[in-house]
A.B. asks: 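What follows is a structure written as structure tokens; I'll ask about it next.
Naming convention: chains lettered A, B, ... in sequence-line order (proteins, then strands); numbering from 1 in each chain.
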Amino acid sequence: MALDEIKIGGLGASRRRVEDNRFIRGKGNYVDDIVLPGMLHMELLRSPVAHARIKSIDVSAAWEVPGVRLVLTGEMMAARNLAWMPTLSYDTQAVLATDKVRFQGQEVAAVIADDPYIAKDACQRIVVEYEQLPAIVNPLQAMAAGAEVIRDDKENQEGNKVFDWEIGDKSATDKAFADADVISKMECHYPRSHPSPMETCGSIADYNRATGKLTVYMTSQAPHIVRAAVAMVAELPEHMIRIVSPDLGGGFGNKVPIYPGYVVSILASILLECPVKWIEDKTGNLISTGFGRDVYLQGELALRKDGKILGMRMKTISDHGAFYADAQPSKFKIGLMHSTFAAYDIPAAHLFSTGYYTNKAPGGVAYRCSFRVTEAMFFQERMIHGAANDLGMDQAEFRRMNLVKDDMFPYRTAFGFLTDSGQYGKCLDIGMKAIGYDTFQAEKAEARKRGKLLGLGISTMTEPLGAGNSREYDILGIKMFDSAELRIHMSGKGILRTGAMNQGQGHQTTWAQIVAHELGIPAEDITVEEGDTDTAPFGMGTYASRSTPVAGAAVAMVARKVRAKARKIAAHLLEVSEEDIEWELGRFYVRSNKERGVTIQDCAMAAYSNLPDGMEPGLENNAYYDPPNLTWPFAAYFVKVEVDPETGVWDVLKVVAVDDCGVRINPMVVEGQIMGGLTEAYAMSSMQYQTYDEEGNCIGSNYMDYLLPTAWETPGFELYEVVTPCPHHPIGAKGVGECATVAGPAAFVNAVVDAVGHTGVRNIDMPMMPNRVYEALQTGKDISGMPPVKMGD
Amino acid sequence: MTSLYDEVAPTPAADVPTRRITLNVNGEDRTVDVEPRLLLAHLIRQGLKMTGTHTGCDTTNCGACTILFEGRPIKSCTMLAVQADGHNIETVEGMASASELHPIQEGFKEEHGLHCGFCTPGMMLAAKALLAENPDPTEDEIRWALSGNLCRCTGYQNIVKSVLWAAKKMRAESN
């Protein structure tokens, strides 16, 4: 009798989460919860200015504070060849500044003391003399002739350009534009945004001189990458480094890079021979760690008058801050920006990207997105919105006409990606029905009589997840595969370890569900462990929605390897040849007599007690999974807003989200991910951004200036599901953690622009704060968030 | 006991002035010597070793450090430990009994009201204070009562559902 898959917590079960048991009791184990014997505390002194030469640093008064054990400066780091470290994008980043400070909040010195209060006191006593230089706070200033060179530490660096990069077929694209009936243009700024997980970054470095082993507990989404980097930077042997990521209080891409604080705490522990804890405060996190976005986007669509898109060209200018520390596959300078328009059937496209250094925090992390995909899809949907209006076509019909049709897969995009599955039209239909598309114009006219402006915005996209296959994707040369290791104990219970790193996604719950699906072992019988590089198999970590597409696939593959061995054991137990064995969930049986069978648990016991001659004991294996392609989930989001023309305030009336992320492992968890993503989309469109004043002061350095929506502002969401299995993933899943953050913002902006569209306004840059919307209504002009930065807006 | 940070200083740093305070934590009286400047959140986390109370923003914005102070939700990162002298506080560790979860804890699990778990203790305590005053809140009332607590993972909808779930169960239990 086959098992009921839902009952054992297999695929498709909305299994309640295992990790909740500790979190709801306050028994999580975040890095700041860990206390080691003899542990000291570290505090960083940060630069108050954005750009300055360091004339002198006097730490003598800090040493005099009772309880201070060590004061470190850039000079002392330099003496150990640790003043600079490599970034994930083949650049270098200062650990503690030696020559200059290049952004406000840059790490200048560190104090290690008996408690963090003392360390903070002592930091205040360090006297740094700065000679201020002009601050460059946007790419326009960075590219200006005669601009101060920010990275004068780099040989051969002239000016402030980081890179030029292009992709696509320029001549075919030029021809499409020559043939076009209509050319539709769009220009946007995607403002800088900080992922801002609730928990900041932190580490406890624990160097043991007796064993030579360095253990670092830290907030990392990618502990194995950290181990490799520490081996390089600190010149310690890799087997003597153990990186442990305990529970993470959110990540969203912010906890992928390696930050100076981690490195300094490691050196401090080596010098002091005791554990050193560093916990960043919120301001430190907001002003110095990996941001997302900050890209200027310009583009054009070549259109035939019947609505067919003939070609697309696009330019991006990105602001990378003081160090090029983007966390992304190394081959691609501006991430996967060229995944833009992947859902649309467009014959020709060209992208040209330029990146600049500025006196702002470094980063360019994949903030809840698959490497710049958020900018790509946002701009795509803003261009689509503008083009439909320019042609006088209906928004939904213009999309339907140009979206890739179901029978066109596999479809090669103009930039060379291969999308492989989807039912885009079906998703569009479901969303239109749910939002009340057909009756919206009547509703809008009726609202107008009440003096209110209604708007409806659509955003449709497919995004590339699960980087990725080793032909194309690597970080610093390390291929982006992932891994899983499964050990079944004799009682049929087991432990699974993967190279991914949970930060709220619920891997402890959902990975066990994949094992349950493949082996018929109840999910509750499988322990899941991640984050300890001494025990977990090598993996590239969790970001860019790659866990389910890559590590999740490895989980399925390792379970299949285990099942293959169990099958041999079953044949031995049933005294038939392996060819005569059939499998149903949880059980092998003899083909000719279904009653004669053994359970997977019987096989597990036999693996330790009753093996066929010559078979290696035990029931365990590992799998490294190199995906053949990216996975391509599709999303269609619909937002209805009401704008008050007297104030520019807009209210969200309805949000409809249709997601096709392939097979859903745990529908409850999938829906949780979508709602979380939609909230970040709402946040970025309405209030959440970081800007800088002319002197390079970060506006958005604490939660009073950096606005995040609460339960009160956040709208409710209606979710719908379409399932088109991924053709190459072992269980047909596609990944979902970021779809809503990626495609959501454009739906909100398109809705507000639709509401004010009668004035001729085509674009309002995010965040669409009431003053921006009001100004758009008053002037009928586009509202740009581009520099010069307006203070107080 | 002295609640110097972690109590692990290899040698006492200096003659740090301390004050003796007594507070009732989750029903148990605790007497501690604290530096006058020690924040209540740090006393709870380090001195009392109850790490369920989290510090997120240090500026009374995020609510991860929310505890109940005489039954009312307060943010313990901006209150001095000495201000709690003679008072009753409740932390997440006091919510469940040895054998049973509090209905709010059950609700958060049932309705998937948490992802990373960092904001969860504060959210649950804010919800507990709400339900003590208003056993049958509307969705809007819940959203307003939790508007001092930030969550970056869930989008709040399931948190609201979790509190509704708990309210229903608590009403049924009290009938």
Side-chain angles (χ1 to χ4, degrees), chain A residues 16-17 19-30 32-33 35 37-39 41 66-67 113-118 195-200 247-252 274 281-283 503-506 668-669 671-673 675-680 702-704 708 710-712 714 716-717, chain B residues 4-6 8-11 13-14 35 37-38 42 45-46 49-59 61-62 64 91-93 95-96 101 104-106 108-110 112 114-121 124 139 142-144 146-160:
Chain A
R16 299 303 185 264
R17 299 199 326 165
E19 38 277 87
D20 291 0
N21 296 335
R22 61 179 187 275
F23 293 138
I24 57 177
R25 289 175 171 85
K27 298 292 182 195
N29 185 39
Y30 305 93
D32 195 23
D33 299 341
V35 174
M39 186 172 79
H41 296 265
D114 293 350
D115 80 37
Y117 288 67
I118 297 170
S196 196
M198 296 311 301
E199 179 203 36
T200 61
D247 286 327
L248 296 185
F252 315 113
C274 67
D281 61 18
K282 186 57 77 183
T283 294
Q503 59 216 255
Q505 293 87 344
M668 177 191 82
V669 168
E671 289 180 5
Q673 288 292 316
M675 288 191 281
L678 288 169
T679 304
E680 294 199 58
N702 61 66
Y703 282 167
M704 279 167 280
L708 306 175
T710 71
W712 183 246
T714 304
F717 310 113
Chain B
L4 288 175
Y5 226 85
D6 303 332
V8 295
T11 52
E35 255 191 281
R37 67 172 176 171
L38 188 74
H42 292 154
R45 287 181 50 77
Q46 270 78 25
K49 309 263 184 274
M50 295 178 178
T51 53
T53 302
H54 301 138
T55 52
C57 70
D58 325 292
T59 50
N61 283 275
C62 80
T91 69
V92 65
E93 287 86 352
M95 285 185 83
L101 290 172
I104 293 172
Q105 292 172 308
E106 282 183 90
F108 271 70
K109 182 168 175 174
E110 278 304 312
H112 191 29
L114 61 147
H115 294 189
C116 81
F118 202 77
C119 74
T120 311
M124 292 193 303
E139 176 172 335
I142 294 169
R143 285 182 179 268
W144 183 248
L146 299 181
S147 64
N149 295 67
L150 291 171
C151 168
R152 294 288 285 160
C153 298
T154 65
Y156 302 108
Q157 191 155 308
N158 280 353
I159 292 179
V160 173

A.B. asks: Provide the closest heavy-atom pair for A/Arg16 versus B/Lys109 in the form atom of the first, atom of the second, distance.
C.D. replies: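 Minimum heavy-atom separation between A/Arg16 and B/Lys109: CD-O, 3.4 Å.
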A.B. asks: Do we see a donor-acceptor contact under 3.5 Å between the side chains of A/Tyr117 and A/His41?
C.D. replies: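 Result is no, nothing qualifies.
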A.B. asks: With a 4.5 Å cut-off on heavy-atom pairs, point out which of A/Asp247, A/Thr200, A/Val669 contacts chain B the most.
C.D. replies: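 Ranked by heavy-atom pairs under 4.5 Å with chain B, first place is A/Val669.
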A.B. asks: State, to 0.1 Å, how close B/Phe108 and B/Thr120 come at their nearest heavy-atom pair, and which atoms those are.
C.D. replies: CD2-CG2, 4.0 Å
A.B. asks: Side chains of B/Asn61 and A/Lys282: do they bring a donor and an acceptor to under 3.5 Å?
C.D. replies: no
A.B. asks: Select one option (side chain, backbone, both, neither) describing which atoms of B/Leu101 are under 4.5 Å from chain A's heavy atoms.
C.D. replies: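 Contact with chain A involves the side chain of B/Leu101 alone.
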A.B. asks: Please classify the contact between B/Met124 and chain A as side chain, backbone, both or neither, with a heavy-atom cut-off of under 4.5 Å.
C.D. replies: side chain
A.B. asks: Quick one: what part of A/Tyr30 sits under 4.5 Å from any heavy atom of chain B, side chain, backbone, both or neither?
C.D. replies: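 Only the side chain of A/Tyr30 comes within 4.5 Å of chain B.
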A.B. asks: Going by salt bridge (Lys or Arg N to Asp or Glu O under 4.0 Å), name the residues that satisfy it together with B/Asp58, two or more places apart in sequence or in a different chain.
C.D. replies: none
A.B. asks: Counting only non-hydrogen atoms closer than 4.5 Å, does A/Glu199 touch chain B with its backbone (N, CA, C, O), its side chain (CB onward), both, or neither?
C.D. replies: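 Both parts, backbone and side chain.
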A.B. asks: Heavy-atom cut-off 4.5 Å, strictly under: side chain, backbone, both or neither for A/Asp281 against chain B?
C.D. replies: both
A.B. asks: Would you mind checking which part of B/Glu110 comes under 4.5 Å of any heavy atom in chain A, side chain (CB onward), backbone (N, CA, C, O), both or neither?
C.D. replies: both
A.B. asks: Between A/Tyr703 and A/Ser196, does any side-chain donor sit less than 3.5 Å from a side-chain acceptor?
C.D. replies: yes
A.B. asks: Of the backbone (N, CA, C, O) and the side chain (C-beta and beyond), which part of A/Leu708 lies under 4.5 Å from a heavy atom of chain B, both, or neither?
C.D. replies: both
A.B. asks: Would a distance-only check, ignoring hydrogens and angles, find a side-chain to backbone donor-acceptor pair under 3.5 Å from B/Arg152 to A/Pro195?
C.D. replies: yes
A.B. asks: For A/Thr714, is it the side chain, the backbone, both, or neither that has a heavy atom closer than 4.5 Å to a heavy atom of chain B?
C.D. replies: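 Looking at A/Thr714, backbone and side chain both touch chain B.
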A.B. asks: Could you tell me which portion of A/Gln673 (side chain, backbone, both or neither) has an atom closer than 4.5 angstrom to a non-hydrogen atom of chain B?
C.D. replies: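 Both parts, heavy atoms under 4.5 Å.
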A.B. asks: Tell me, out of B/Ile159, B/Asn158, B/Thr154, B/Leu114, who's got the most heavy-atom pairs with chain A below 4.5 Å.
C.D. replies: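 It is B/Leu114.
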